[in-house]
S.K.: 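My questions will all concern the structure given below.
Note: hydrogens, waters and symmetry copies are ignored here, and every other heavy atom, side chains too, is used. Reminder, nothing fancy here: chain letters follow the sequence lines and each chain counts from 1.
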Amino acid sequence: MRIFYLEDNPLIAFHVEQLVEDLGHTFAGSLDSFTALKSQFDSYAMDVALIDIDLADGRTGPDAARWLKDRKVPCLFLTGQDHIAADAGDVVLGTISKPVSLQALADSLELVPQGSKQQAH
Amino acid sequence: MSEPLFSFGKLQKVLILAPYRRDADYVRQLLLAHDIDAEIATDVHSLGNKLQGIPGVLVATHEALKPDVLQTVAAHLEAQPSWSELPVVVLLDKNAPTETVRVHLNRLWPRARHLFYHRPVKPAELISGVQSGLLARRRQQDLFENMEREVELRRELNHRVKNILASVTSIFEMTARQSASLDGLKQDFRGRLTALAGVHSTVFDADGEQVSMAAVAALIFGPYRQEGSDRILASGSDVLLNREAATTIALCLHELATNAIKYGALSVPEGKVDLIWSVDETSGDLSLEWTERGGPPAREPSRLGYGTRYLRSALSMLFGNPPTFQYAAEGFGFSARGNISQLT
């Protein structure tokens, strides 16, 4: 699967990129804000998105997840803000707590339904 | 971030409860004449409504304090936020026993500041009492705002601490997976943490949010300077970086420097490195150029190490496009370019 990551901490993005590759998936890229996602969405091809709650433009992760869901991209929260993730739990397939482990990431990616892959842009 | 708890202004309006004769009008006119905003509660229902707006001071006549009024005010006092203490001015009849009323009201109305005056009250005394109540309210307002600010700061601090711990976890995990030995792990991890700690202090010492590119370069290359020879020549225009950009660039420079020492130009005595940065006046783009010379030829690695992966990932995020690596016979080179408006 092509996995996109919305995260404003480059060190975590760098780590997750490695974990995604370890699991045999493709890292589709990362952006640090909902604003950047909205303007650059068309440049990325993704089958699933990992989303942090607090981004460079504020607590916009839940809005970003809703926005992506409207565009048929399944989403998972990857965050240390579990209680806020729970409030928007209906928007996402699941929540992965930080710090992320390979196993937790693998388990959560299992939740992505088969055939949810969209056409590459 | 958080909604203000109240939208009642600044607790500077006086609420008057004086249902008999023209007392209320008289007090209101007196207060207005002294530039003190005041409104009248005509009955217990109106009192309940107006208390919702949270008055600065309540002025009440003794005879107005009927059981339902006492109860309405008590309920309001009970519901006040922790920082609030309603100043109450009670206008007693000439021969009323102040102590009895005081004891009674202290019991019924805790968390209020009671002031008692016997009628007829001298206007100057009443004004002075109301003003001291309003002043107390101003102090309470300050306290409330400080408490709000503290909550905000604690939230921000928590967010930053979590972020740093998550960063350290990622640095550790990524360092550990690339380390061939425990000594290697210790050395690399310590180096990266030192760079992270250093940039934190540099940003904090600057002004808390911004730091110059030159200061970041000096921080990272400082430990590698040998006496009498600058083997890393760093120069560029005046550029201010925000905390996030400074952190990313510092960690990137750390990776470039340690790589040069292990495998590149700085692995031999005569090798040198140039780091040049500049800002394009028209596009606002910041560009970074790292050029090694005088060392062994650079070869593209068969597998990506921590440094290369980090530079690619972090700078792609920072600049919006990936950096380029040159593996040349003269030595390793690296360049990155992106819009500065995102950085400051």
S.K.: Is there a side-chain contact (heavy atoms from CB on, under 4.5 Å) between B:Glu244 and A:Asp32 once you walk through the steps?
M.R.: CA-CA 11 Å; B:Glu244 289 78 15; A:Asp32 67 358; over 6 Å; no

S.K.: Looking at A:Asp22, A:Asp8, A:Val16, A:Leu31, which has the largest count of heavy-atom pairs under 4.5 Å with chain B?
M.R.: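 Greatest number of close heavy-atom pairs with chain B: A:Asp22.
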
S.K.: Going from CZ on A:Phe14 to CD1 on B:Ile171, what distance comes out if it is rounded to the nearest 0.5 angstrom?
M.R.: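 It comes to 8.0 Å.
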
S.K.: Just wondering, more than 12 heavy atoms not from B:Tyr327 lying within 6.0 Å of its OH?
M.R.: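 Yes, the 6.0 Å shell around OH holds more than 12 heavy atoms from other groups.
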
S.K.: Please determine whether the number of non-hydrogen atoms from other residues, nucleotides or ligands lying under 6.0 Å from atom NE2 of B:His200 exceeds 12.
M.R.: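 It does not: B:His200 NE2 has 12 such atoms or fewer within range.
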
S.K.: What do you reckon, is CZ of B:Phe172 surrounded by more than 12 foreign heavy atoms closer than 6.0 Å?
M.R.: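 No, not enclosed.
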
S.K.: With heavy-atom distances below 4.5 Å as the criterion, would you say the side chains of A:Asn9 and B:Ser167 are in contact?
M.R.: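 Result yes, sub-4.5 Å side-chain heavy-atom pair found.
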
S.K.: What residue, out of B:Asn163, B:Leu304, B:Thr248, B:Leu165, has the most heavy-atom pairs lying under 4.5 Å from chain A?
M.R.: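 So the answer, after comparing B:Asn163, B:Leu304, B:Thr248, B:Leu165, is B:Asn163.
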
S.K.: Answer with side chain, backbone, both or neither: which region of A:Asp52 has an atom nearer than 4.5 Å to a non-hydrogen atom of chain B?
M.R.: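 Contact with chain B is absent: no heavy atom of A:Asp52 under 4.5 Å.
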
S.K.: Any idea which of B:His159, B:Lys162, B:Arg177, B:Glu173 has the most non-hydrogen atom pairs under 4.5 angstrom with chain A?
M.R.: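 Heavy-atom pairs under 4.5 Å are most numerous for B:Arg177.
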
S.K.: Would you say B:Tyr263 has more than 12 foreign heavy atoms packed within less than 6.0 Å of its OH?
M.R.: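 No - once you tally the heavy atoms of other residues, nucleotides and ligands closer than 6.0 Å, there are 12 at most.
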
S.K.: Sort out for me which of A:Glu21, A:Gln40, A:Glu7 touches chain B most, counting heavy-atom pairs under 4.5 Å.
M.R.: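 Option with the top pair count is A:Glu21.
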
S.K.: Please classify the contact of B:Leu251 with chain A as side chain, backbone, both or neither, using a heavy-atom distance under 4.5 Å.
M.R.: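 For B:Leu251, the side chain is the part near chain A, not the backbone.
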
S.K.: With respect to B:Ser170, which candidate in A:His15, A:Lys98, A:Gln18 satisfies the side chain to side chain contact (heavy atoms under 4.5 Å, CB included) definition?
M.R.: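 Going through A:His15, A:Lys98, A:Gln18 one by one, the side chain to side chain contact (heavy atoms under 4.5 Å, CB included) with B:Ser170 is satisfied by A:His15 alone.
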
S.K.: When you look at CG of B:Asp205, are more than 12 heavy atoms from neighbouring residues, nucleotides or ligands closer to it than 6.0 Å?
M.R.: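 Above 12, so yes.
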
S.K.: Hey, could you give me the CG/CE distance between A:Leu19 and B:Met174, rounded to the nearest 0.5 Å?
M.R.: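 The distance works out to 7.5 Å.
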
S.K.: Could you report the tightest heavy-atom contact between A:Pro10 and B:Ser313, atom names first, then the distance?
M.R.: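 Distance-wise, the nearest heavy atoms are O-OG, 4.2 Å.
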
S.K.: Heavy-atom count around B:Gln187 CD within 6.0 Å, excluding the residue itself: above 12?
M.R.: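 Atom CD in B:Gln187 is not packed in, count stays at 12 or less.
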
